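Notes follow the structure.
We count ligands from 1, going down the list as the structure has it; atoms in each ligand are counted the same way. Predicted model, so just to flag it, every value in this text is computed and none were measured.
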Amino acid sequence: MNRKVPGASQFAALIASVKQCRLCEESLPLGPRPVLQIDPRARILIAGQAPGRRVHESGVPFDDPSGDRLREWLGITREVFYDPTKVAILPMGFCYPGTGKSGDLPPRPECEPAWRHQLLQHLREIRLTLVIGQYAQKSHLSPSKKNLTETVRSWKDYGNGLIPLPHPSPRNNIWLKKNPWFNESLLPHLRKAVHDALDM
Ligand code: SF4
């Protein structure tokens with residue numbers, strides 16, 4: 001059966017619609033500002049959580065200490081990271097959702113059914129998906145494990161094309177200290193997988 005491949009004009013129209021989205025505006029403390037990076041040629045998909053306040057202000061995904069750590073984990077420069085023909089960055093919610101008592105609020109649930117499913121259909125060259133944090137893991141990984149630590153610790157279960165990761169936020173420094181296997185065994189595998197996916 002021939003499945004219809006979405007075309008370039010459809011893609012451009014979709015991106016224009018996303019950029020103008022105001023669907024959950026009433027729930028967003030700083031208003032809508034979708035932050036994502038996408039090109040149909042991308043080979044790596046970063047499925048993250050939602051922009052933080054600083055990223056909302058700059059409009060650049062992972063333009064913060066979390067991004068610095070993520071680039072270090074991946075072993076790639078900012079230049080490579082911000083090349084949309086190499087890396088697509090699609091958080092679960094595209095706009096900053098606000099902050100609660102224990103950090104940023106969950107990504108807005110409206111975003112995934114409204115936009116994310118459609119956008120993913122245009123990513124046909126993806127070789128590696130990095131699934132960051134509990135919200136993306138609930139959506140991308142099945143069956144999910146008991147919690148984030150178990151999911152990440154079971155990275156070998158997901159095969160070559162998918163790697164679950166904790167959020168690279170400085171808030172997770174304690175988690176990283178408690179789980180030394182992450183640096184010792186997962187990171188070397190991650191860097192190799194990233195470089196292989198990009199033919200570096
Ligand atoms: S979070 Fe998603 S659904 Fe809500 S306004 Fe932003 S782009 Fe639209």
Side-chain angles (χ1 to χ4, degrees), residues 5-71 81-126 129-142 144 148 151 162 164-172:
V5 178
S9 58
Q10 270 178 286
F11 179 70
L14 178 57
I15 294 298
S17 299
V18 171
K19 293 284 179 189
Q20 290 165 16
C21 178
R22 309 192 75 83
L23 192 61
C24 61
E25 156 171 49
E26 287 176 7
S27 306
L28 301 173
L30 302 183
R33 186 176 196 189
V35 181
L36 60 153
Q37 171 173 304
I38 185 167
D39 183 286
R41 292 165 288 181
R43 293 182 177 181
I44 293 176
L45 167 63
I46 296 178
Q49 185 164 314
R53 193 183 185 106
R54 185 161 152 183
V55 168
H56 171 86
E57 280 158 12
S58 72
V60 179
F62 284 107
D63 185 26
D64 56 10
S66 297
D68 292 337
R69 176 176 271 161
L70 180 59
R71 285 180 282 277
F81 187 84
Y82 288 119
D83 181 343
T85 68
K86 293 185 168 71
V87 178
I89 303 172
L90 279 192
M92 296 306 297
F94 299 158
C95 300
Y96 169 61
T99 306
K101 276 185 191 154
S102 54
D104 284 353
L105 293 172
R108 291 303 311 169
E110 295 87 345
C111 225
E112 186 173 29
W115 302 120
R116 220 166 165 277
H117 294 312
Q118 295 183 67
L119 288 166
L120 288 172
Q121 285 183 27
H122 290 268
L123 293 175
R124 293 175 173 266
E125 307 293 330
I126 296 297
T129 299
L130 307 177
V131 192
I132 297 180
Q134 57 167 318
Y135 300 104
Q137 286 165 12
K138 271 188 195 142
S139 171
H140 281 262
L141 306 181
S142 153
S144 54
L148 181 135
T151 303
L162 265 179
L165 295 171
H167 199 281
S169 162
R171 282 179 179 271
N172 274 340

May I ask you to decide if the ring planes of F62 and F81 are parallel, tilted or perpendicular, using 30° and 60° as cut-offs?
perpendicular
If you scan protein heavy atoms around atom 2 (Fe) of ligand 1, the nearest is C111 SG, 2.3 Å
Can a donor-acceptor pair be found, under 3.5 Å and without considering hydrogens, that links the side chain of Q137 to the backbone of V131?
yes
Which residue and non-hydrogen atom of the protein lie closest to atom 4 (Fe) of ligand 1, and at what distance in Å?
C24 SG, 2.2 Å
Hey, is atom 6 (Fe) of ligand 1 within less than 2.8 Å of some N/O/S atom on C95?
yes
So does Q121 get a backbone contact from the side chain of R124, meaning a donor-acceptor N/O pair under 3.5 Å?
yes
Heavy atom to atom 3 (S) of ligand 1, shortest distance: which of A50, S17, G93, C21 holds it?
C21
P29 and P97 have their tightest heavy-atom pair at CD-O, 3.6 Å
